[in-house]
Amino acid sequence: MTSISTVTPANAGEPLAAWLQAAFEKAFGEAAQDTRLRVLPSTDPSFGDFQCNDAMGLAKTLRLPPRTIATRIVEALDTADAPATANIAGPGFINLAVTPGWLAGQLAALADDARFGLPDIGGGRTIIIDYSSPNVAKPMHIGHIRSTIIGNALDRLYQALGFKVIADNHLGDWGTQFGILINGFRAYADPGRLRDAPIEELERVYRESYARTEKDPEWLDACRAELVRLQQGDPDNLALWRQFIDLSLREFNRIYERLDVTFDLYRGESYYNDQLAATVALLEERGLARESEGALVVPLDDEGMPVCIVRKSDGGYNYATTDIATVLSREAEFQPDRIIYVTDERQQLHFRQFFAVCRKLGCTTRLEHVWFGLMRLPEGTFSTRQGNVIRLDALLDEAESRALAIIRESSPGMPEEQQQALARDIGIGAVKYADLSHDPQNMIVFTWDRALALDGNSGPYLQYAYARIRSLLDKYAEACPGCDPAKAPLLLQEPVERQLALQIMQYPATVVRAAENCKPSLLADHLYALSQLYSSFYQRFPILKADPAIRDSRARLCTLVARVLREGLGLLGIATPERI
RNA sequence: AGGCCAGUAGCUCAGUUGGACAGAGCACAAGAUUCCUAAUCUUGGGGUCGCGGGUUCGAGUCCCGCCUGGCCUACCA
């Protein structure tokens, strides 16, 4: 159950819904008991601030014209200290225009709440989020960015809502590719290149070795032999394997640092290696697995899915086995409430299958696959073979250098070091926002200009709005020493000021919705709308030069916009520099 | 062949339990800076919401059929 935070309800319309609900019950008695009226922000400011559409839906059950229902609700409203005026429009919409006093009071209550209205939904329960998960000995490319950025945003969102989040990087650090790599490494690796660009070198070695397996059977056998030796624990091969992981992690961590992404665990597939046999034994014990064409499979006809292979015909285990063992291990160690996997869309069937197997084993953890559309290039799918992969570090480099060019032009006086730090925040912010502002499930066609856009609906637009507020508030402090905007009464007179207040008040509900739907884009949209309102307000109305009471109120409104932007962008993992 | 997803303005995309004349950004056109950061703001044109049925007081949203595109469909992950 959702527990409501200290002062402010998560949905800004809730107090109004309660007000309408009381009138509804007064007017209709028992007939009203089973329904709860909902109040949502208006779809158009000209209708008012909030609206309730439920009278139309109730027409059937109450057997009355919707307009009559709406009228009777409105007539029964408690008018003493009413938070809003209500009127009926169209077939039975109840439009609510809230009083300035109510609006100011609600906003002030939100401002005084330490959690800014975010409810503690988690109550300390544990969620494991499994994301990023690149393959060892291969460079991270733009195909990894969505999992990393979306996963990290979910990490931050759930933490903000009171969950204990364990971010687990389930590295691809085990499997047949290591036989090819070890054998190739001994034959082809160049120490100099390995020192200068380790991952490129490992990748080159792998490609060369792999190519040879296709035309040289003896080579292929040698690779297989190395793999067997590794799996049997041969010290030399293990040492090499550890070196590959070590080199890869160093490279990955450089990128994670640039992206401000951190993990609580780095448990690759190899971590579960010694649990695979027991996992399969358990499946057999429970009578869930059977032989088929030499492999061991779990039939899933009852779920309408093809069989799930848990042991290959050569006796080896595959990813399904590892994933099942991973769930069992996580349940035993962490007792998580949920496990969320963030991967691309191609793995949907695999996840549905192994989730089903887990349920058959009696797992009670809520397992969830958050999938996202594959990123592709305008000319088609990117692929290693065609060499049209865009490496993640190259993307980030380009993002930063584009940002730096603009900063040098617009802020030539800024110290070089500060320009570069700013370019990092803005460039990385642009890349992250370009991803997070889209619904994860939509495919993204990658173009440099779109991924690195610095105007319009972009990360820098939001960062710019924030920096302008900071600058303005500094000037306010100078102009009015000793003034505390937090104590100023809120006078929300202009329509755009009311809209700003309403938008801010929807922030907690938006965070909840973004987390529950695993769609950070919902929060990104909200922050963009807030920035648009603010930019319009800023451009059209004086703040520092307004009459003192108005000036102080507007300064306070600015502090609240800044707070939402800083905290909201923070939940998306996007930095908010104080100066641009 | 079956499954999942998508199809909304020239382009990229939003669009809470079905709700009021379908919204942004980019691009295009015209304007705004002696004044709090113009990476901004204001105004304008522009859409048979893939097609056809159905349910409903009401459908971009739900149901059925079709068209187009992407991905998946047993020993890669």
By the Watson-Crick or G-U definition, both distances under 3.5 Å, C41(B) is matched with G31(B)

Contact string for nucleotides 37-46 of chain B, one letter per nucleotide 5' to 3', B = base within protein heavy-atom range under 4.0 Å, S = sugar-phosphate only, - = neither, reads BSBBSS----

G52(B) and A77(B): how far apart are their C1' atoms, nearest whole angstrom?
41 Å

Of the listed A77(B), U73(B), U16(B), the closest approach to the R38(A) side chain comes from U16(B)

Testing C75(B), C4(B), U17(B) for proximity to the side chain of N53(A), the answer is U17(B)

Answer for the Watson-Crick or wobble partner of U48(B), both distances under 3.5 Å, is none

Query raised in the report: Under 4.0 angstrom, heavy atoms only, what part of the nucleic acid is G57(A) near: base, sugar-phosphate, or nothing?
Result: base

Work out how far the C1' atom of A9(B) is from that of C71(B), and round it to whole angstrom.
28 Å

- Message: Surrounding CZ of R579(A) (heavy atoms of other residues, nucleotides or ligands, distance under 6.0 Å), is the total greater than 12?
- Response: yes

* Asked: Which part of the nucleic acid does F372(A) contact within heavy-atom distance under 4.0 Å: base, sugar-phosphate only, or nothing?
  -> nothing

- [ ] Could you tell me whether the side chain of N457(A) has a donor or acceptor atom within less than 3.5 Å of a complementary atom in the base of C26(B)?
- [x] no

**Report entry** Pairwise C1' distance, U8(B) and U48(B) [rounded to whole Å]
**Finding:** 12 Å

S292(A) has its side chain closest, among A74(B), A6(B), U16(B), to A74(B)

Partner of G23(B) under the Watson-Crick or G-U wobble criteria, both distances under 3.5 Å, comes out as C13(B)

| Using the C1' atom in both, what is the distance from C62(B) to G46(B), to the nearest Å? | 30 Å

A1(B) -> Watson-Crick or G-U wobble partner, both distances under 3.5 Å, gives U73(B)

**Report entry** Donor-acceptor pair (no angle test) under 3.5 Å: N95(A) side chain, A20(B) base
**Finding:** yes

Distance, P atom - from C66(B) to C4(B), rounded to whole angstrom = 14 Å

If pairing means Watson-Crick or G-U wobble with both distances under 3.5 Å, then the partner of A59(B) is none

As its Watson-Crick or G-U partner within any shown strand, both distances under 3.5 Å, A6(B) has U68(B)

| message | Using the C1' atom as the point on both nucleotides, what is the distance between C57(B) and C11(B), in whole Å? | response | 38 Å

Could you tell me how far C26(B) sits from U68(B) if I compare only their C1' atoms? Round to whole Å. 26 Å

Under 4.0 Å from OP1 or OP2 of U16(B): is there any side-chain N or O of K519(A) that close? no

The nucleotide from A74(B), A20(B), U17(B) with an atom nearest the side chain of A89(A) is A20(B)

Please measure how far the C1' atom in C13(B) lies from the corresponding atom in G54(B), and state the result in whole Å. 30 Å

Using a cut-off of 4.0 Å on non-hydrogen atoms, how would the nucleic acid contact of F47(A) be classed: base, sugar-phosphate, or nothing? base

Check your understanding: Per the atom types in the model, does the base of U16(B) pair as donor or acceptor with the side chain of R513(A) at under 3.5 Å?
Key -> yes

Which is true for M443(A) with a 4.0 Å heavy-atom rule: it touches a base, it touches only sugar-phosphate, or it touches nothing?
-> sugar-phosphate

